Amino acid sequence: MVSFAKMGIFEQATKLPMIESKELALLLCGLDPYIKIKEIPQDKLADFRSYRNYIERCLSSYGGSFYQKYSSDIMFTIAYTLIDEEVTPEPVKQRALKAIINITGTQKWRETLYKLGGQELLDTGTDLSKSQRGMYKKDEEQTNIYKMTGMLLKLIADKQGNSYGTAEKPNIAVIKKAIDEMAKKHNLNLDGLSKSSFYEKAKLALSYTQN
């Protein structure tokens, strides 16, 4: 996991628990959210004002004040309808989608989405809520597969020992070589599962076995 300090300015902003309308408007312009208004490039100023005006009106509909910070889920939900595929930074796009999904998990989420973005945003939230139920099951299945894979790697290391490592620290390179040899013996094609790909998946699987 990349530390907060090493993240880009846009990714850092999406990790904040609260954000204000000026900061969100700047993010939607693809600008540093902490610059002063007088520092906004001339060609971005009109967009900034439009975004900020829209955000503040949504907050008014929601029942809040323009001049305070709000939960990032609320703010990035508003941002969703303002996304420009060519301008909006990717971390902001992803956070906006996540925000709506988070909101649909709360009480009175339909009322909240309608206040923040009208029928269009409510329809988006409704569609996401339906799809998320199916995605949750898939995510749960994927998690169990990773747990099982991680435990099998530990089991191999524990039973074989020596160069295979230990249950606490399996030697992935040695295990990968043994798997390749077995696959060849059984005429199993492992094209596409490179050493680096196998290592990354094994590392991820092992992470699911940590307490």
Side-chain angles (χ1 to χ4, degrees), residues 1-2 4 7-37 40-41 43-146:
M1 178 182 294
V2 179
F4 184 81
M7 293 177 181
I9 190 68
F10 300 128
E11 192 173 2
Q12 282 185 346
T14 64
K15 302 298 182 182
L16 298 174
M18 304 185 78
I19 192 169
E20 61 184 39
S21 59
K22 169 181 169 287
E23 294 168 341
L24 184 58
L26 287 169
L27 286 171
L28 287 164
C29 290
L31 298 173
D32 183 331
Y34 307 117
I35 63 173
K36 297 178 181 179
I37 292 180
I40 298 174
D43 63 337
K44 297 281 188 178
L45 195 55
D47 289 343
F48 166 77
R49 288 171 175 164
S50 295
Y51 288 144
R52 190 174 189 181
N53 179 58
Y54 181 90
I55 293 165
E56 290 180 346
R57 288 176 184 274
C58 287
L59 291 175
S60 179
S61 173
Y62 183 63
S65 167
F66 306 161
Y67 304 106
Q68 66 185 80
K69 290 183 174 66
Y70 282 87
S71 157
S72 287
D73 277 342
I74 293 295
M75 296 299 278
F76 281 103
T77 292
I78 294 174
Y80 184 83
T81 56
L82 301 175
I83 287 175
D84 183 316
E85 289 299 329
E86 296 182 358
V87 178
T88 308
E90 192 60 34
V92 176
K93 295 179 188 177
Q94 294 176 4
R95 182 64 180 88
L97 180 62
K98 182 180 178 183
I100 297 180
I101 292 171
N102 289 345
I103 292 293
T104 61
T106 65
Q107 291 185 342
K108 298 184 178 179
W109 63 267
R110 291 180 176 82
E111 179 181 344
T112 298
L113 290 181
Y114 189 80
K115 286 183 177 180
L116 293 176
Q119 188 62 46
E120 180 182 355
L121 190 59
L122 176 57
D123 290 343
T124 298
T126 300
D127 290 341
L128 286 172
S129 178
K130 292 177 181 177
S131 64
Q132 277 300 110
R133 287 194 287 270
M135 289 174 63
Y136 175 78
K137 292 181 180 179
K138 290 182 180 178
D139 287 344
E140 189 175 32
E141 290 175 0
Q142 186 65 61
T143 296
N144 288 333
I145 290 172
Y146 276 127

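Since the structure is predicted, the reported quantities are computational estimates derived from the model, not experimental observations.
- Here the closest non-hydrogen pair linking Ile74 and Ile103 is CD1-CD1, 4.0 Å.
- Closest heavy-atom contact between Phe76 and Leu27: CZ-CD1, 4.1 Å.
- Under the side chain to side chain contact (heavy atoms under 4.5 Å, CB included) test applied with Lys98, the options Ile100, Asn102, Ile101 reduce to a single match, Asn102.
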Let's go through Tyr80 and Thr77 carefully: what are the C-alpha distance in whole Å and the side-chain angles of both, what is the deciding distance for side-chain contact (heavy atoms from CB on, under 4.5 Å) to 0.1 Å, and is it a yes or a no? CA-CA 5 Å; Tyr80 184 83; Thr77 292; 5.7 Å; no
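- No more than 12 heavy atoms of other residues, nucleotides or ligands shown are found within 6.0 angstrom of OH on Tyr114.
- Salt-bridge check for Arg95 with Asp73: passed, with a basic side-chain N closer than 4.0 Å to an acidic carboxylate O.
- In plain terms, the two heavy atoms of Cys58 and Leu116 that are nearest each other are SG-O, 3.1 Å.
- One finds the OH atom of Tyr51 at 6.0 Å from the CG atom of Leu28 (value rounded to the nearest 0.5 Å).
- In this structure, Leu113 and Thr104 have side chains that are in contact, with non-hydrogen atoms separated by less than 4.5 Å.
- Contact between Lys93 and Thr88 at its shortest, heavy atoms only, is CE-O, 3.1 Å.
- The environment of CD in Glu120 is sparse: at most 12 heavy-atom neighbours from other residues, nucleotides or ligands sit within 6.0 Å.
- Checked by atom type and distance alone, the side chain of Ser60 never pairs as donor or acceptor with a backbone atom of Glu56 at under 3.5 Å.
- By the 4.5 Å heavy-atom criterion applied to side chains, Thr112 and Tyr62 are counted as neighbours.
- Within the 4.5 Å cutoff, the side chain of Tyr70 has no heavy atoms near those of the Glu20 side chain.
- Residues Pro41 and Leu31 share a closest heavy-atom pair of CD-CD1, 3.9 Å.
- Nearest heavy atom pair, residue Pro91 against residue Thr14, reads O-CG2, 3.4 Å.
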Please evaluate residues Leu24 and Leu82 with respect to the criterion side-chain contact (heavy atoms from CB on, under 4.5 Å), reporting the C-alpha separation (whole Å), side-chain torsions for both, the decisive distance (0.1 Å), and the verdict. CA-CA 11 Å; Leu24 184 58; Leu82 301 175; over 6 Å; no
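- With rounding to the nearest 0.5 angstrom, the CZ atom of Arg52 is 4.5 Å from the OG atom of Ser21.
- For the pair Glu23 (side chain) and Tyr34 (backbone), a donor-acceptor distance under 3.5 Å is absent.
- Here the side chains of Lys44 and Val87 are in contact, with some heavy-atom distance below 4.5 Å.
- With Ser72 contributing its side chain and Leu16 its backbone, the two residues share a donor-acceptor pair below 3.5 Å.
- Heavy atoms from other residues, nucleotides or ligands lying under 6.0 Å from CD of Gln119 number more than 12.
- Counting only N and O atoms by type, the side chains of Asn53 and Arg57 include a donor and acceptor under 3.5 Å apart.
- Rounding to the nearest 0.5 Å places CG of Asp32 at 4.5 Å from CD1 of Ile9.
- At least one donor-acceptor pair closer than 3.5 Å links the side chain of Lys22 to the backbone N or O of Ile35.
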